Amino acid sequence: MIIEDSDVIVSIKGLSAEIDGTPILKGVDLEIKAGEVHAIMGRNGSGKSTLSKVLAGHPAYTVTSGEVVFHGEDLLELEPEVRSRKGVFLAFQYPLEIPGVSNLDFLRAAYNSRRKAQGLEELDAFEFDEVVEEKLDVVKMDPAFLTRSVNEGFSGGEKKRNEILQMALLEPSLAILDETDSGLDIDALRIVAEGVNQLTNATNATLMITHYQRLLDYIQPDFIHVMHDGQIIRTGGKELALELEAKGYDWIDEQLAVGAA
Amino acid sequence: MGFTTERISNSDRAIDPSPVEKRAAYLAKLLALTHPGRDASPFVALFQVDSTANLVFQGIETLQNQAAARILELAIPSPRDENWRFTDLSKLLALDLAAAAVAGQLDERHQQLDEGSFVPAEAIAPYCLPGTSRLVFVDGVYAAHLSDLGSVADTITLGQGSSLTMTALESLAKLPDADEVFTTLNTASFQDVAVIRAQPNAVLAQPIHLLFVSIADRTLAHPRCWIRAETGSNITLIEDYVSLGEGSSFTNAVTEVVLGENTVVNHSRIQRENAQAVHIGKTAVIQARDSRYCNIAVQLGGGLSRHNLEVHHQGTQVQSNVYGLAIAAADQLMDTHSNIQYNEPHCQSNQLYKAIATDRGRSVFNGRINVPQKAQQTNATQLNRNLLLSHRARIDTKPQLEIVADNVKCTHGATVSQLEDNQVFYLQSRGIDRVSAQKLLIEAFALEILHKLPSEHLRQTLATSVMRLTEEVL
């Protein structure tokens, strides 16, 4: 929802980043305010996922210029774990499997690191059980998944639900969903989307990265941005997604060609 | 003795580290330090000795003397021996060992140990495992006052002389690979034998903890175990090697396990001696039809540690599950050589060996699986996974599948990797700091094996040790 005069959660200005010397982001500008849901669309290789990883602090990417201000603080200076504790959450496109680490222990470690940063007391296993039990309902997840190793042997849909479960526990102020819809069947997509919708409110913000318009039927964005070659080249409302869906990404190329001529 | 040791660099294994005369002389010295000799009273069966013990005594003496004679024709192996290619025994040759700390004839030693002042019960307390029956050996000599048989079922005979029939003992030193040099040295030199015989259909509720304590003061020990599970029995053993002191020691252990038909033996082997120790251990197993054997070998201690595992199938529908975890920190070398010898159809084995090498540590794995023509319908899996935490650490891994049978399923794999950056980042992105994330991943790597151990207390103790050994490099 767009709220008049709400707080700026994140402000990205002229952000450029590279991996192994190859520039991927070439000056991204984006401002997201409390209550808003943004969607970034674009072709594979346009830099969408890179933007999400740079915001979360993935060590493989080097920021070459620009700034990211998160709640008035320089986000790029912070270690990934500090970003998380301050409220940045990245739902991974490919959630990692961690054999040997129980999902429940992992969730509790993550939850407690956040609480510690907030000056709250850490929860013991017993207390945490109650918290997690309640959150399982958000993504309709079977408690049996808690005792298994993190994401090990989970189906694509189960992994994505596990990501949203983490989001529900960590209550981020900026949730970045990196292609959370990809590879999901329609039932799983609905469950994941409903989970996200339950978690959005007037004080937090969501940034969805997606390749497909389908997700936007379930999570209604306030703004849609089109990314191309490391830049946001168009911004609009919901109608932009429909236009993209109807005309395809080639339409963007044509527009660019016209602009260049 | 006229023998001098010299320290030779570990780094250059292309050069024969020591001439054969020197390696033979060192072996002879080891024999002289412990072989009971013809005039000594060479063997006292554990606990009561009954009328059959005399036969046992005769058999043992001959066996030991034959082995001693053979040792004089052998030498400590060099890296030119294929089986020791990656494992340089210079560290062993450099040890200046003394005669046993518990001196005198074996019966005197038993008395000395039983006085309790030599090794007080408090000294071994940190190594005791709740919920187990415990047999303690100090430098290869049985220590009754430290042992606690607990609630061992009547159906299990623990080291009773009466259970050692001549027939049974004939299999002593007859198991696979018995003429290998270190096994021969053990056969010539062992003091007491931990004898465990599960009678037919006996099911042991508690694990048996075989605790082998090294005084670790230039000491030498040849622990020997002889395990026999009779038809239909089910036993759990924890073989455990620890050091009391900080000094040097050489432990040369041999365990023979005979599984009767339709038996289950769950066998853990923990090596957690001090960093000065040189440890060479053999586990030789024979399985009759429908038996299931599980071996979980954990190597954490010792400057040089080698485990040789021989599993031979002698019947159909046999299952062998063999697992291992080795941590090579500082300048430790951890070596596992395993050989699974199939002989019959419809058998299966699952093997998972994991190693972590940090600092200047080295890990060696050689896993042979032999499937002859007769062993059709074999189902064998082998996986060796290694975690390399330092640029100076080294891992050598060699799967060795020899398959003649044509209707079998055999898979193998070996991986060497560092901690995966993406996994670390995933944990960091959930608020877990970098070092904690790395620790979590290392612990998880090790726990996959440690979780299989039958004692919660042991799992926790070893997990703590693994973290202590690996955290310095983070």
Side-chain angles (χ1 to χ4, degrees), chain A residues 19 52-61 78-103 105-118 122 149-152 159 162-163 165-167 169-172 174-176 178, chain B residues 296 298 323-327 350 352-356 381 383-387 389 413 415-453 456 459-460 462-464 466-467 470 474:
Chain A
I19 185 166
S52 70
K53 286 178 187 153
V54 168
L55 292 177
H58 195 293
Y61 298 90
L78 306 175
E79 291 295 318
E81 60 269 28
V82 180
R83 298 183 196 196
S84 166
R85 292 173 200 156
K86 286 183 184 284
V88 175
F89 179 85
L90 171 64
F92 280 56
Q93 182 179 2
Y94 304 109
L96 280 104
E97 298 190 4
I98 310 190
V101 177
S102 103
N103 205 19
D105 289 347
F106 164 65
L107 294 170
R108 188 159 69 93
Y111 187 75
N112 277 336
S113 73
R114 183 78 195 280
R115 280 184 67 92
K116 209 170 151 188
Q118 292 169 334
E122 296 181 38
S149 290
V150 179
N151 294 325
E152 194 184 30
K159 284 180 182 170
N162 205 25
E163 293 292 286
L165 174 63
Q166 291 162 41
M167 177 177 158
L169 282 165
L170 297 177
E171 298 177 335
L174 175 65
I176 306 161
D178 187 5
Chain B
I296 305 149
V298 179
Y323 308 107
L325 174 69
I327 313 292
N350 300 297
L352 174 63
Y353 271 77
K354 299 179 103 174
I356 302 176
T381 67
L383 183 59
N384 174 229
R385 293 192 59 204
N386 300 284
L387 195 53
L389 296 181
T415 64
V416 180
S417 62
Q418 294 165 308
L419 283 178
E420 215 187 298
D421 285 343
N422 279 328
Q423 286 185 334
V424 174
F425 174 64
Y426 187 59
L427 295 169
Q428 279 183 284
S429 78
R430 299 303 182 247
I432 298 164
D433 68 83
R434 186 170 177 81
V435 170
S436 301
Q438 290 173 324
K439 283 186 184 172
L440 200 61
L441 292 171
I442 291 170
E443 192 175 19
F445 183 88
L447 282 180
E448 189 180 3
I449 301 298
L450 297 181
H451 270 316
K452 299 177 189 296
L453 293 169
E456 175 60 29
R459 280 196 289 274
Q460 284 178 5
L462 297 182
T464 306
V466 168
M467 295 322 290
T470 53
L474 302 180

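Note on naming: letters A, B, ... go to the chains in the order of the sequence lines (proteins, then strands), and numbering restarts at 1 for each one. Note that the coordinates shown come from a computational prediction; the quantities given were computed from them, not determined experimentally.
Annotation for A/Tyr94: atom OH does not count as buried by contact number, only 12 or fewer foreign heavy atoms lying within 6.0 Å. For A/Lys86, the NZ atom sits in a loose shell: 12 or fewer heavy atoms of surrounding residues, nucleotides or ligands are nearer than 6.0 Å. More than 12 non-hydrogen atoms from other residues, nucleotides or ligands lie less than 6.0 angstrom from CZ of A/Arg85.
Only the side chain of B/Glu420 has a heavy atom closer than 4.5 Å to any heavy atom of chain A. Residue contact with chain A, scored on non-hydrogen atoms closer than 4.5 Å, involves the backbone and the side chain of B/Gln423 alike. At a 4.5 Å heavy-atom cutoff, the contact between A/Val150 and chain B is made by side-chain atoms alone.
Taking B/Ser429, B/Ser436, B/Ala446 one by one and counting their heavy-atom pairs under 4.5 Å with chain A, the maximum is reached by B/Ser429.
In this structure, the separation between OH on B/Tyr426 and CD on A/Glu163 is 3.5 Å, given to the nearest 0.5 Å. With rounding to the nearest 0.5 Å, the separation of CZ in B/Arg430 from CE in A/Met167 is 10.5 Å.
Scanning all heavy atoms of the two residues, the minimum distance from B/Ala444 to A/Pro99 falls at CB-O, 3.3 Å. Across A/Ser113 and B/Ile432, no two heavy atoms sit closer than the pair OG-N, 4.2 Å. Contact detail for B/Gly431 and A/Ser84: the closest heavy-atom pair is N-OG, 3.1 Å.
The aromatic rings of A/Phe92 and B/Phe425 lie tilted to each other, with the angle between the two planes from 30° to 60°.
For the pair B/Leu440 and A/Ile98, the minimum side-chain heavy-atom distance is 4.5 Å or more.
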Run the numbers on A/His58 and B/Asp421 for side-chain hydrogen bond (donor to acceptor under 3.5 Å, both in side chains), then give the verdict. CA-CA 9 Å; A/His58 195 293; B/Asp421 285 343; over 6 Å; no
